[in-house]
Amino acid sequence: MMAVTGDETETGTSGDLTACQLQNTGSSLPQGGAETSTQEFVKSANPSQKREHRLMKNREAARECRRKKKEYVKCLENRVAVLENQNKTLIEELRSLKDIYRHKVE
DNA sequence: TCGCCCCGGCGTCAGAGGTC
DNA sequence: GACCTCTGACGCCGGGGCGA
């Protein structure tokens, strides 16, 4: 499902910090190119049909937009969890290194 | 049980930004 | 400039939790 696995703790600190980007998934129709049936419909439709069509497209776009946003937030939450784990591990490592250093100095 | 509040999802509108 | 997609903002609705 998501790219963030949640079990990267010590390595790969900079690896996928660019994850969780909101991006176009390519699910929308291409805007250029050959004439689509949609475009043909829009050309021949009356104003109220055009409005219905526009509302329907926007309805679907809003649904998709919300789905992507939820996915993005979930991805961010996963990253937070991963980074918190990394942070804990690093703090622990630092503590033990300090300990070792102190024993050597004494 | 009822009224209230909160939350999540939905549809719609408006506006920004891209493409032709 | 016309048309398109995407997304923030707004209001509405249904469901669940909670106190009276």
Side-chain angles (χ1 to χ4, degrees):
Chain A
M1 214 94 163
M2 300 308 299
V4 177
T5 57
D7 56 357
E8 55 170 296
T9 51
E10 299 181 34
T11 59
T13 52
S14 64
D16 45 15
L17 288 184
T18 56
C20 297
Q21 288 178 338
L22 270 176
Q23 57 192 357
N24 291 341
T25 56
S27 60
S28 54
L29 291 170
Q31 292 179 5
E35 190 106 348
T36 65
S37 58
T38 302
Q39 286 170 318
E40 287 172 28
F41 163 76
V42 167
K43 275 185 180 173
S44 60
N46 64 41
S48 84
Q49 284 176 319
K50 282 183 184 176
R51 175 181 155 81
E52 266 317 299
H53 185 259
R54 185 170 47 78
L55 288 181
M56 189 191 71
K57 297 288 274 182
N58 190 239
R59 203 152 44 224
E60 288 167 5
R63 229 177 271 149
E64 175 68 8
C65 181
R66 285 171 182 135
R67 188 193 63 77
K68 280 190 335 196
K69 191 172 181 178
K70 271 180 75 176
E71 201 172 301
Y72 172 69
V73 168
K74 202 186 282 181
C75 182
L76 282 183
E77 287 170 347
N78 282 342
R79 282 188 59 210
V80 167
V82 167
L83 291 175
E84 280 176 348
N85 271 340
Q86 276 184 12
N87 200 30
K88 276 183 194 166
T89 304
L90 289 173
I91 287 173
E92 196 53 43
E93 196 179 331
L94 177 62
R95 190 172 297 151
S96 66
L97 285 174
K98 277 182 176 175
D99 234 31
I100 291 170
Y101 176 73
R102 199 179 308 125
H103 280 110
K104 279 197 171 178
V105 167
E106 286 170 358

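Residue numbering restarts at 1 for every chain, and letters A, B, ... go by the order of the sequence lines.
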Visitor: If you define the side chain from C-beta out and look only at heavy atoms, does anything of A:Arg54 sit under 4.5 Å from A:Lys50?
Guide: no
Visitor: For C:dG8 and A:Lys69 - does any side-chain N or O of the residue sit under 4.0 Å from the phosphate oxygens OP1/OP2?
Guide: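 The answer is yes; a side-chain N or O of A:Lys69 sits under 4.0 Å from OP1 or OP2.
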Visitor: When rounded to the nearest 0.5 angstrom, what distance separates CD in A:Glu92 from NZ in A:Lys88?
Guide: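 Here the interatomic distance stands at 11.0 Å.
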Visitor: Calculate the interatomic distance between A:Met56 atom CE and B:dC10 atom C1'; express it in whole Å.
Guide: 16 Å
Visitor: Figure out the NE2/P separation between A:His53 and B:dT12, and round it to whole Å.
Guide: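 For the pair A:His53 NE2 and B:dT12 P, the rounded distance is 14 Å.
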Visitor: Among C:dT5, B:dT12, C:dG8, which nucleotide sits nearest the side chain of A:Asn58?
Guide: B:dT12
Visitor: Determine the contact category for A:Arg51: base if any of its heavy atoms lies under 4.0 Å from a base atom, sugar-phosphate if only primed atoms, P, OP1 or OP2 are that close, otherwise nothing.
Guide: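 A:Arg51: backbone/sugar contact only, no base atoms under 4.0 Å.
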Visitor: Is there a donor and acceptor pair closer than 3.5 Å between the side chain of A:Arg66 and the base of B:dG11?
Guide: yes
Visitor: In this structure, how many angstroms lie between the C1' atom of C:dT7 and the CD atom of A:Glu60, rounded?
Guide: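 Rounded to the whole Å, the gap is 16 Å.
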Visitor: In this structure, how many angstroms lie between the P atom of B:dG9 and the CZ atom of A:Arg63, rounded?
Guide: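 Interatomic distance, CZ of A:Arg63 to P of B:dG9: 13 Å.
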Visitor: Quick check for you: among C:dT7, B:dG11, B:dG9, whose closest atom lies nearest to any side-chain atom of A:Lys70?
Guide: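 From the listed options, B:dG9 comes nearest.
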Visitor: Taking the side chain as every heavy atom from C-beta outward, state whether A:Glu64 and A:Arg67 have any pair of such atoms under 4.5 Å apart.
Guide: yes
Visitor: Could you tell me the separation between the CD atom of A:Glu64 and the C1' atom of C:dT7, rounded to a whole number of Å?
Guide: 12 Å
Visitor: Please confirm whether the shortest side-chain N or O distance from A:Lys68 to OP1 or OP2 of C:dT7 is below 4.0 Å.
Guide: yes
Visitor: Verify the contact: side-chain N or O of A:Arg59 to OP1 or OP2 of C:dT7, cut-off strictly under 4.0 Å; return yes or no.
Guide: no
Visitor: I need the CZ-P distance between A:Arg67 and C:dT7, as an integer number of Å.
Guide: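 To the nearest whole Å, that distance equals 11 Å.
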Visitor: Answer yes or no: is there a side-chain heavy-atom contact under 4.5 Å between A:Glu93 and A:Leu90?
Guide: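 The answer is yes; the side chains approach within 4.5 Å.
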